[in-house]
Amino acid sequence: MSEVYAARRTRLREYCNAGGSAAALVSRPANVRYLAGAAPRGAVLLLGKTEDLLVCGGPTADRPGQERPDEALRVQALPGVGGGDPAVAAADLAAGQGADSLAVEEHHLTVARHRALGSVAPRLRLANLGSAVEQLRVVKDEEEISCLRIGAEIADQALGELLESILVGRTERHLALELERRLVDHGADGPAFPTSVATGPNAGHPGHRPTDRRVEEGDFLSVCLGATYRGYRCEIGRTFVIGTAPADWQIELYDLVFAAQRAGRESLVPGAACRDVDRAARQVLDSAGYTEGLTALTGHGVGLEIDEDPQLSPTAMGKLDACVPVTVEPGVHLPGRGGVRIDDTLVVRPEADGGPELLTITTKELLAL
């Protein structure tokens, strides 16, 4: 992997040089990890004029399960227990290497921290690196996609095991905790985000925080969970019915959301406009009269963070590339009654390669549990 990280840093250095910056300071943890292979707490990456350095605020003793930085990088640990601010130390090191300009991630730095960089190296011109690293991260290599694929398998397995257990009478909170335990049991680093379990009138509500409401016969049960594997995060969402058979209104609503989700999935082709993918799913729901209350976006990119570019929304700019993993997650929530959400993680692939690759494979049939 060392050559992979080196190639990523080379691409960023070329971007910085083209913009007139001799060095770059990367401080956002996911971006540090992408370029360095690991991001110890508080660490920053300096792409220096003469040498690249991973600057840490103190000793970096290995812990079980801890990712190790790219062996080609020199790790600079600051002395002392606290070690000072690695970003400030990195700016001083950049000036010491003879750089006259330094590109920084202004969207991640606080105002106070930005001022401190200027104070320690007053002759160093600070420029804005912007979201350059985030844009490099959009298209994944096959190693990254493999991590997402394994994470999806873990999430599928955890969800499948839960569905085989007795659900009636158990609380949303208890089910969410059990899912997160199962993720770790099956090899995940941890959950990709707080697991959402919603029952009855809560079902289908985006971002619902589990409560002490108990599962009842006749409920919709919607679950959204994700696994983190080697830092990469995926997600899956499914909706089920509790009881012997769903009601007519539940079948109708589920079929509608399923059709919207399928339309979104089928639109995932290289070159497709992000807003067109959103439109494909959204117009199915709009045409059935569910214009109000829909979520702001149909899906988003995933990777080292659970919510990355691209955004699949009505106002999104740009087009999809091959090897971009995204979610497609339309839903409808009826206040007081509940609702349906269906969420998959897929990788954009050309038709010649079989079209979009579905990573989360738990059935989307409306199961009565």
Side-chain angles (χ1 to χ4, degrees), residues 140 142-167 170 172 174-199 203-204 206-208 210 215 220-242 254 257-258 261-262 264-266 268 298-308 323-331 340-349 354-369:
K140 270 62 174 180
E142 290 303 323
E143 178 69 22
E144 294 177 286
I145 293 172
S146 176
C147 291
L148 289 168
R149 191 179 294 116
I150 294 172
E153 291 172 358
I154 291 171
D156 278 320
Q157 190 169 6
L159 180 56
E161 290 176 354
L162 182 75
L163 299 182
E164 295 174 356
S165 63
I166 296 174
L167 300 174
R170 299 168 70 183
E172 295 174 348
H174 181 238
L175 293 176
L177 289 172
E178 182 174 333
L179 280 167
E180 293 187 352
R181 177 184 61 78
R182 290 180 182 274
L183 291 173
V184 175
D185 286 347
H186 291 303
D189 303 340
F193 52 89
T195 298
S196 176
V197 175
T199 64
H208 172 72
V215 178
F220 261 141
L221 169 68
S222 60
V223 179
C224 187
L225 72 155
T228 302
Y229 181 77
R230 292 180 58 187
Y232 285 83
R233 301 163 188 260
C234 68
E235 69 180 71
I236 178 175
R238 294 291 187 267
T239 300
F240 311 97
V241 170
I242 303 299
Y254 189 91
V257 175
F258 179 83
Q261 210 253 359
R262 181 176 57 198
R265 287 188 285 115
E266 292 175 349
L268 295 177
T298 293
H300 53 81
V302 293
L304 288 170
E305 296 174 294
I306 194 57
D307 190 353
E308 300 187 351
C323 299
V324 174
V326 296
T327 67
V328 178
E329 48 181 293
V340 175
R341 299 196 68 77
I342 304 174
D343 181 356
D344 278 312
T345 299
L346 307 98
V347 179
V348 179
R349 303 281 194 188
E357 178 187 355
L358 181 64
L359 300 187
T360 45
I361 61 173
T362 297
T363 181
K364 287 187 280 290
E365 178 185 355
L366 179 55
L367 298 179
L369 306 175

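Positions are given from 1 along the sequence. Every heavy atom of this structure was used, including side-chain atoms; hydrogens, water molecules and symmetry mates were not.
In this structure, L148 and P325 have side chains that are in contact, with non-hydrogen atoms separated by less than 4.5 Å. Looking at D343 and E235, their side chains come closer than 4.5 Å, going by heavy atoms from C-beta outward. The closest side-chain heavy-atom distance from L163 to L369 is below 4.5 Å. With a 4.5 Å cut-off on side-chain heavy atoms, I145 and C323 count as touching. For the pair L367 and V241, the minimum side-chain heavy-atom distance is 4.5 Å or more. Inter-residue side-chain proximity for V324 and L268 is flagged as unmet; no heavy-atom pair is nearer than 4.5 Å.
Scanning all heavy atoms of the two residues, the minimum distance from F193 to C234 falls at CE2-O, 4.0 Å. Residue L162 comes nearest to L167 through the heavy atom pair O-CD2, 3.8 Å, listed as atom of the first residue, atom of the second, then distance. Nearest heavy-atom pair across I154 and A227 is CG2-CB, 4.1 Å. For the residue pair R233 and A192, the shortest heavy atom distance occurs at NH1-O, 2.9 Å.
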CA sep, side-chain torsions, deciding dist, call: V347, V326, side chain to side chain contact (heavy atoms under 4.5 Å, CB included): CA-CA 6 Å; V347 179; V326 296; over 6 Å; no
Could you give me the CA-CA distance, side-chain angles and deciding distance for K364 and Y254, then say whether side chain to side chain contact (heavy atoms under 4.5 Å, CB included) is met? CA-CA 10 Å; K364 287 187 280 290; Y254 189 91; 4.2 Å; yes
The test is side chain to side chain contact (heavy atoms under 4.5 Å, CB included); show your working for C224 and E329 and say whether it passes. CA-CA 10 Å; C224 187; E329 48 181 293; 5.8 Å; no
Working for salt bridge (charged side-chain N to carboxylate O under 4.0 Å, His left out), residues E178 and R182: CA-CA 6 Å; E178 182 174 333; R182 290 180 182 274; 2.8 Å; yes
Chi angles and distances behind the side chain to side chain contact (heavy atoms under 4.5 Å, CB included) call for V328, T298: CA-CA 6 Å; V328 178; T298 293; 4.1 Å; yes
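The backbone N or O of A176 lies less than 3.5 Å from no partner atom in the side chain of E180, so there is not a single donor-acceptor pair. Side-chain atoms of S222 come within 3.5 Å of backbone atoms of G204 as a donor-acceptor pair (strictly under, hydrogens ignored). The closest donor-acceptor contact from the side chain of E164 to the backbone of E161 lies at 3.5 Å or more, if one exists at all. A donor-acceptor contact shorter than 3.5 Å is absent between the side chain of T199 and the backbone of L221.
One distance of note links OG1 of T360 with CD1 of I236; it measures 4.5 Å at 0.5 Å rounding. To the nearest 0.5 angstrom, E143 atom CD is 8.5 Å from Y232 atom OH. With rounding to the nearest 0.5 Å, the separation of CG in L183 from CG in D189 is 10.5 Å.
Of the options T362, D156, D344, T363, a side chain to side chain donor-acceptor pair (under 3.5 Å) to R238 is made by D344 and by none of the others. A side chain to side chain contact (heavy atoms under 4.5 Å, CB included) with V302 holds for exactly one of L346, L359, T345; it is T345.
Surrounding CD1 of I361 are at most 12 heavy atoms belonging to other residues, nucleotides or ligands under 6.0 Å away.
At a cut-off of 3.5 Å, with distance as the only test, a side-chain donor of H208 or E172 sits close to an acceptor on the other residue. Judged by distance alone, the side chains of R341 and S196 never bring a donor and an acceptor atom under 3.5 Å apart.
By the 4.0 Å N-to-carboxylate-O rule, R349 lies close enough to E142 to be salt-bridged with it. With respect to the salt-bridge test (charged N to carboxylate O, under 4.0 angstrom), the residues R230 and E144 do not qualify.
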